[in-house]
Amino acid sequence: MSNQLTIEKSTHQQPKPDTDQIPFGRTFTDHMFVMDYEKGTGWHEPRIVPYEPLTLDPAAMIFHYGQTVFEGLKAYRADDRILLFRPEKNLERLNRSSDRLSIPPIDEEEVMEYLKELIRLEKDWVPSTPGTSLYIRPFIISTEPNLSVAPSATYKLMIILSPVGSYFSGGLTPVKINVEDKYTRAVKGGTGMAKTAGNYSSAYQAQAKAYEQGNADVLWLDGIEKRFIEEVGSMNIFFKINGEVVTPSLSGSILQGITRMSVIELLEKWGVTVTERQISIEELYQFYEEGSLEEAFGTGTAAVISPVGELNWLGKKMVINNHEIGELSQKLYDTITGIQTGKLEDTNGWTVEVK
Ligand SMILES: *Cc1c(COP(=O)(O)O)cnc(C)c1O
């Protein structure tokens, strides 16, 4: 590693919240990680500095053409240890997203060390109340002041940290989801497989429509035929049908969730048949009418497992498992959160301790 990390400590320390009511993404820790990229030099000057606003040229490319990617993962308190859940998968995915956005790759092992160093420095920020964690947001922005429509010559990689409360403060609660029939999140060949800003802002109108009708989120269908099920908001989606589990295959327009991957691996271990395939909303509705749609749940870092109690599609309502949490959804939730918080033995080698 040719780069040398420098650490500049903050002179003041903020109070650290520790309740399951911390609102998502509004409180940040005392320090952040920054590293710069310049064409010719590569990634350089890794540093941990006091958390502070950035100064950017108004012509910085990020503001105009959105050349940016991000990640989301969490640090969990497991008694006196701090655990990360499959963090190498996040850095791998960051590089896949970067590749799609023509952003130069990072050295994953090098950045993993910086990430751990930042968590080590901010370890007192990892809350201990059940259900809480320290959310980790790595992101890259393009910074060259240049209005040409072309990849930037300079970038900044940053990592900021935010303590978060529990996603379900009243326990796992099944949600209502609107099946979106007008707007599209992504199409094959587009940026759906990348965690990049534009995918999220372009979803706000569909999100608002879902909220107005009393739903908590949007289920996206494929952009071409509006038939095949893709994913929910910032979660992948699973269905339990006749005792077997089905999830949409990664078509290029779906985000490759790390929770999705972990759920598939657990189900296989448990001997539950899990199939990654195309599934249309008509087919799902048919299963529903036959009474064989037993459970539905979203998967993602934020909620881990989010049971779906109701799907609303073109005026048709599918009530799933009587708005109650399914047995398999609960078991997956308990297992994954148990591993993340060190309550269950990690036989898969998924957790990484920050010592
Ligand atoms: C982040 C994200 C997911 C879930 O990925 P995890 O790695 O499980 O957190 C799913 N869909 C979208 C659109 C996402 O942005």
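Every value quoted in this text rests on a predicted model; they were computed, and no experiment measured them. As the structure lists them, so they are numbered: ligands from 1, and atoms in each ligand from 1. All residue numbers refer to positions in the sequence shown, counting from 1.
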Q: Looking only at distances, please establish whether an N/O atom of ligand 1 is found under 3.5 Å from an N/O atom of Gln256.
A: no

Q: Heavy-atom pairs closer than 4.0 Å: do any link ligand 1 to the side chain of Arg185, the backbone, both, or neither?
A: side chain

Q: Rounded to the nearest 0.5 Å, what's the gap from CZ on Phe239 to CG on Leu284? Could you check?
A: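 The distance works out to 4.5 Å.
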
Q: Do any nitrogen or oxygen atoms of Arg93 lie less than 3.5 angstrom from nitrogen or oxygen atoms of ligand 1?
A: yes

Q: So which of Trp125, Phe28, Tyr51 actually passes side chain to side chain contact (heavy atoms under 4.5 Å, CB included) with Gln14?
A: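 Of the listed options, the one satisfying the test is Trp125.
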
Q: I need the atoms of ligand 1 closer than 4.0 Å to a non-hydrogen atom of Gly257, numbered in the order shown.
A: 5 (O), 6 (P), 7 (O), 8 (O)

Q: Does some side-chain heavy atom of Glu231 sit less than 4.5 Å from a side-chain heavy atom of Arg260?
A: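 Heavy-atom side-chain distance check fails, nothing below 4.5 Å.
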
Q: Between Glu310 and Lys317, is there a side-chain N and carboxylate O pair less than 4.0 Å apart?
A: yes

Q: Which of the numbered atoms in ligand 1 are below 4.0 angstrom from a heavy atom of Gly300?
A: 4 (C), 8 (O), 9 (O)

Q: So Thr191 and Asn199, side chain to side chain donor-acceptor pair (under 3.5 Å) or not? Walk me through it.
A: CA-CA 7 Å; Thr191 58; Asn199 290 346; 2.8 Å; yes

Q: Applying the side chain to side chain contact (heavy atoms under 4.5 Å, CB included) criterion to Ile103, which one of Pro151, Ser98, Ser152 satisfies it?
A: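 Exactly one candidate clears the test, Ser98.
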
Q: Output yes when the distance from some N or O of ligand 1 to some N or O of Thr301 is under 3.5 Å, and no in every other case.
A: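 Indeed, backbone or side chain, Thr301 has an N or O that close.
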
Q: How many angstroms lie between atom NZ of Lys16 and atom OG1 of Thr27, to the nearest 0.5 angstrom?
A: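 Separation between the atoms: 12.0 Å.
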
Q: List the closest protein heavy-atom neighbour of atom 8 (O) of ligand 1: residue, atom name, distance to the nearest 0.1 Å.
A: Thr259 OG1, 2.6 Å

Q: Would you sort out whether Asn312 and Gln213 count as a side chain to side chain donor-acceptor pair (under 3.5 Å), showing the intermediate values?
A: CA-CA 10 Å; Asn312 292 297; Gln213 296 161 358; over 6 Å; no

Q: Is there at least one pair of N or O atoms, one from Lys195 and one from ligand 1, spaced under 3.5 Å apart?
A: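 Such a contact does occur with ligand 1.
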
Q: Can you confirm, on distance only, whether ligand 1 has an N/O atom lying under 3.5 Å from any N/O atom belonging to Tyr200?
A: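 For ligand 1, there is an N or O atom that lies under 3.5 Å from one belonging to Tyr200.
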
Q: Identify which of Ala186, Gly72, Ala203, Ser234 has a heavy atom lying nearest to atom 10 (C) of ligand 1.
A: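 Shortest heavy-atom distance from atom 10 (C) of ligand 1: Ser234.
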
Q: Are the charged groups of Arg47 and Glu8 less than 4.0 angstrom apart, N to O?
A: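 Judged by the 4.0 Å cut-off on N to carboxylate O distance, Arg47 and Glu8 do not form a salt bridge.
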
Q: Got an N/O contact under 3.5 Å between Asn236 and ligand 1?
A: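 Such a contact does not occur with ligand 1.
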
Q: So is Gly233 close enough to ligand 1, meaning a heavy atom under 4.0 angstrom away?
A: yes

Q: Of the listed options (Glu231, Lys74, Met193), which comes nearest to atom 11 (N) of ligand 1 when hydrogens are ignored and any heavy atom counts?
A: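 The nearest heavy atom belongs to Glu231.
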
